[in-house]
Amino acid sequence: MRIFLTGSQDTEWRWNLEDFFRESAIDYFDSAEYPPEFSSVFKRLKILEGCDSVIACFSRYEPRHLQTVLELSYASKLAKNILVVDRLRRRQSWIHALPYSLNFPTLDGLKEHLTRVISSPKKATLLWG
């Protein structure tokens, strides 16, 4: 399993997931580790094509970055699983209604879901969005 991380620029949630990924032997790509001047958005989208799922975490209020919007839109068109972690109490936006998306209020809920996915048999291929 390979996961693409995007969303909030806050590092705490990323560190929390990185430890979980190492323990669970999950391969991941963190889009925040590569500054935009060294990697174009097209290179990131190419990397996203090789991933099984996208995790977007919005741990605090901040504007949606264009890069995150592009990555989530592209993932939706590729029928990737989109896992949104959003602790903010507000009306749900278009990000929460994307095809093949699941929403979690906490990182612990996301980790439980990923643990179940890893231990369950492989599902059928998704149709293109």
So do the side chains of N103 and D86 get within less than 4.5 Å of each other, counting heavy atoms only? no
With a 4.5 Å limit on heavy-atom distance, are the side chains of Y100 and I82 in contact? no
Student check: side-chain heavy atoms of H113 and L102 closer than 4.5 Å: yes
Is a donor on one side and an acceptor on the other found under 3.5 Å between the side chain of W13 and the backbone of S8? yes
Reported CD1-to-CG distance for the pair I55 and L110, which is rounded to 0.5 angstrom: 4.5 Å
Check: V117 and M1 side chains under 4.5 Å, non-hydrogen atoms: yes
Could you check whether any side-chain heavy atom of V84 comes within less than 4.5 Å of a side-chain heavy atom of L72, counting everything from C-beta outward? no
Contacts of type salt bridge (charged side-chain N to carboxylate O under 4.0 Å, His left out), residue E49, not counting sequence neighbours: K46
S24 side-chain N/O to F21 backbone N/O, donor-acceptor pair under 3.5 Å: no
Taking every non-hydrogen atom, the tightest pair across Y28 and R2: O-NH1, 4.0 Å
Quick one: CG on L5 to CZ on F29, what's the gap to the nearest 0.5 Å? 9.0 Å
For a 4.5 angstrom cut-off between non-hydrogen side-chain atoms, does L107 reach E12? no
At what distance, to the nearest 0.5 angstrom, does CG of N81 lie from CD1 of I3? 9.5 Å
Let me confirm one number: the OG1-CG distance from T6 to L48, rounded to the nearest 0.5 Å. 8.5 Å
Under 4.5 Å between any side-chain heavy atoms of K80 and D52, yes or no? no
Closest non-hydrogen atom pair, A75 against V54: CB-CG2, 3.6 Å
When rounded to the nearest 0.5 Å, the distance separating OG1 of T106 from CZ of F104 is 9.0 Å
Using salt bridge (charged side-chain N to carboxylate O under 4.0 Å, His left out) as the criterion, list what pairs up with D30, not counting sequence neighbours. R14
Using every non-hydrogen atom in the two residues, find where F58 and G7 come nearest and quote the distance to one decimal. CE2-CA, 4.0 Å
According to side chain to side chain donor-acceptor pair (under 3.5 Å), who are the partners of N16, at least two apart in sequence or on a separate chain? K111
